[in-house]
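Just so you know, ligand 1 is whichever comes first in the structure, and atom 1 is the first atom listed for that ligand.
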Amino acid sequence: MEYPKFPKDCKSLLCKYLTEDVFNKLKERVTPNGYTLEMAINSGVKNPDSSIGIYAGDKESYEVFDLLFDPIIEEYHGFKKNDTHKSDFSSDKLDFDLLDKDGEFILSTRIRVGRNLLGYPLGTIISKKERDEVEERVKNALLKLGGSLKGEYYPLKGMSKEVQQKLIKDHFLFKEGDRFLEAAGLNREWPDGRGIFHNDEKTFLVWVNEEDELRIISMQKGGNIKEVFERLANAVEALESKMEFLKSEHLGYITSCPTNLGTAMRASVHIKLPKLSTNKALFKEITDRNHLQIRGTHGEHSKSEEGIFDISNARRLGISEVEAVSDLYNGVKELIEVETKL
Ligand code: ADP
Ligand code: CIR
């Protein structure tokens with residue numbers, strides 16, 4: 001493989017850190033599961049408008065291609081090579097007030113974590129047989145959950161287009177045909193092995209074999225961040241007793257995208273801030289300072305519709321789950337205070 005030609009205006013972290021020197025040092029390397037540099041960078045090469053542009057194939061990818069992953073991880077999470085990750089998922093540590101008592105701003109709250117199974121490569125290079133096996137194991141574990149987590153598993157294969165589109169529109173299901181995931185190998189054999197589990201109220205959901213083997217989600221209307229976190233913490237604990245997830249001391253939970261390493265947690269609110277969102281500079285100053293990311297109404301790479309923004313923690317590694325959700329709480333608190341004064 002030749003050194004890729006990136007357009008001049010390419011802003012991805014891949015373009016920034018894949019120098020010819022790094023490329024030459026890594027181009028012959030292969031992980032034990034057969035993942036190469038070419039595979040790792042294909043998404044960012046095919047999609048120069050990526051923000052990151054690189055995916056892992058397995059836990060070892062982060063060591064084998066460390067010359068490229070390390071600076072990307074450091075820039076995204078502020079986490080250095082010798083830093084250590086920590087975990088704290090205890091909801092009793094959250095001293096959170098209800099942020100939006102009258103329901104003026106926050107429409108809904110969602111917190112998800114990504115997980116992958118120990119003993120399998122990541123979705124970028126998993127074989128069909130292994131992916132089907134992961135689906136079976138995850139499904140069986142999920143169907144054993146009881147109480148308020150009890151639910152049903154709905155495979156994507158065989159699901160009617162109407163049901164699928166409604167689930168996507170209502171923010172419950174992953175979208176289809178994402179070009180970033182496509183180029184990373186994550187859409188192979190779609191829709192086989194993919195599916196969604198949810199309880200009746202759709203407050204606890206699990207995506208199976210999308211970008212990560214599991215995306216464990218807790219969500220509900222309104223702004224009660226603590227309640228959403230508590231449900232997720234319980235669900236993750238219940239699942240962790242039934243299966244072992246891929247993790248490392250240094251990088252926490254291993255995920256296919258380096259932005260999700262560590263806690264793999266994205267805690268978000270859907271929020272309307274009619275005044276602040278017209279003052280883009282102030283909006284961005286507050287979100288940046290609080291380590292928050294702004295996404296559109298339908299998630300990553302989507303636009304804001306009807307004035308609804310998806311605001312979430314950007315950092316996920318080197319901080320605990322409690323700290324990650326506190327980034328969201330503190331930032332949203334400030335956003336609402338400023339909006340109210342404008
Ligand atoms: P992920 O959160 O897994 O990184 P996306 O950014 O694609 O992936 O978001 C997944 C879905 O979750 C999208 O439909 C998005 O609109 C929805 N979503 C995210 N945050 C919220 C929220 N606070 N309330 C309702 N839906 C949300
Ligand atoms: C990209 O590079 O744009 C996609 N591969 C998605 C990266 C994850 N986005 C993010 O900011 N957390």
One residue to check: [X]. Relative to ligand 1, which of side chain, backbone, both or neither has a non-hydrogen atom less than 4.0 Å away?
X    : answer
D310 : side chain
M219 : side chain
L107 : neither
F172 : neither

>> Between E321 and S87, is there a side-chain donor-acceptor contact under 3.5 Å, judged purely by atom types and distance?
In response: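 Short answer, yes.
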> Do Y55 and E211 have side-chain atoms, one donor and one acceptor, less than 3.5 Å apart?
Replying inline: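 Note: Y55 and E211 side chains miss the donor-acceptor criterion.
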> Would you say ligand 1 has an N or O under 3.5 Å from any N or O of R266?
Replying inline: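 Between R266 and ligand 1 (N or O atoms, distance only) the closest approach is under 3.5 Å.
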> Are there more than 12 heavy atoms of other residues, nucleotides or ligands under 6.0 Å from atom NZ of K80?
Replying inline: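 For K80, atom NZ is not crowded (no more than 12 foreign heavy atoms under 6.0 Å).
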> For atom 20 (N) of ligand 1, which of A264, C257, S268 has the closest heavy atom?
Replying inline: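 Minimum heavy-atom distance to atom 20 (N) of ligand 1 goes to S268.
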>> If you take the nearest heavy atom of each of Q220, K169, H171, K221, which one is closest to atom 14 (O) of ligand 1?
In response: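 Among Q220, K169, H171, K221, the closest heavy atom to atom 14 (O) of ligand 1 belongs to H171.
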> With the threshold set at 4.0 Å, does a side-chain nitrogen-carboxylate oxygen contact exist between E323 and K86?
Replying inline: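 The answer is yes: the pair qualifies as a salt bridge.
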> Do NZ/NE/NH1/NH2 and the carboxylate oxygens of D49 and R179 come within less than 4.0 Å?
Replying inline: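 Between R179 and D49 there is a salt bridge, with a charged N closer than 4.0 Å to a carboxylate O.
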> What residues form a side-chain contact (heavy atoms from CB on, under 4.5 Å) with H270, not counting sequence neighbours?
Replying inline: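 Partners of H270 by the side-chain contact (heavy atoms from CB on, under 4.5 Å) criterion, ordered by chain and then number, come out as L107, S108, H171, I308, D310.
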Aromatic ring centroids of [X] and [Y] under 6.0 Å?
X    : Y    : answer
H301 : F180 : yes
Y17  : F69  : no
Y253 : H85  : no

Identify, for [atom], the protein heavy atom at the shortest distance, and state residue, atom and that distance.
atom                    : answer
atom 4 (O) of ligand 1  : R112 NH2, 2.8 Å
atom 8 (O) of ligand 1  : R295 NH1, 3.9 Å
atom 18 (N) of ligand 1 : R110 CD, 3.4 Å
atom 25 (C) of ligand 1 : S108 OG, 3.2 Å

Please identify which atoms of ligand 1 are closer than 4.0 Å to at least one heavy atom of [X].
X    : answer
E300 : 5 (P), 6 (O), 7 (O)
R215 : 1 (P), 3 (O), 4 (O)
V269 : 23 (N)
T297 : 16 (O)

>> Pair W190, L156 - check side-chain contact (heavy atoms from CB on, under 4.5 Å), show working.
In response: CA-CA 9 Å; W190 191 280; L156 198 58; 3.5 Å; yes
> Within 45° of the six-membered ring axis of W207 and under 6.0 Å from that ring's centre, is NZ or CZ of R110 located there?
Replying inline: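 So R110 does make the cation-pi contact.
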> Is there any side-chain hydrogen bond (donor to acceptor under 3.5 Å, both in side chains) pair reaching into residues 3-12, and which pairs are they, with sequence neighbours excluded?
Replying inline: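 Residue pairs with at least one partner in residues 3-12: there are none.
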Pairwise, report which nitrogen or oxygen atoms of ligand 2 are under 3.5 angstrom from protein nitrogen or oxygen atoms, and how far apart they are.
from	atom 1	to	atom 2	distance (Å)
ligand 2	2 (O)	S51	N	3.2
ligand 2	2 (O)	I52	N	2.8
ligand 2	2 (O)	G53	N	2.9
ligand 2	3 (O)	S51	N	2.7
ligand 2	3 (O)	S51	OG	3.1
ligand 2	3 (O)	H301	NE2	3.2
ligand 2	5 (N)	Y55	OH	2.7
ligand 2	9 (N)	E300	OE2	2.4
ligand 2	11 (O)	Q293	NE2	2.9
ligand 2	12 (N)	T259	OG1	3.3
ligand 2	12 (N)	R295	NH2	3.4

Under 3.5 Å, sequence neighbours excluded: what are the donor-acceptor pairs made by side chains of residues 120-127?
from	atom 1	to	atom 2	distance (Å)
Y120	OH	E133	OE2	2.6
Y120	OH	R137	NH1	3.2
T124	OG1	A56	O	2.8
S127	OG	E130	N	3.1
S127	OG	E130	OE1	3.1

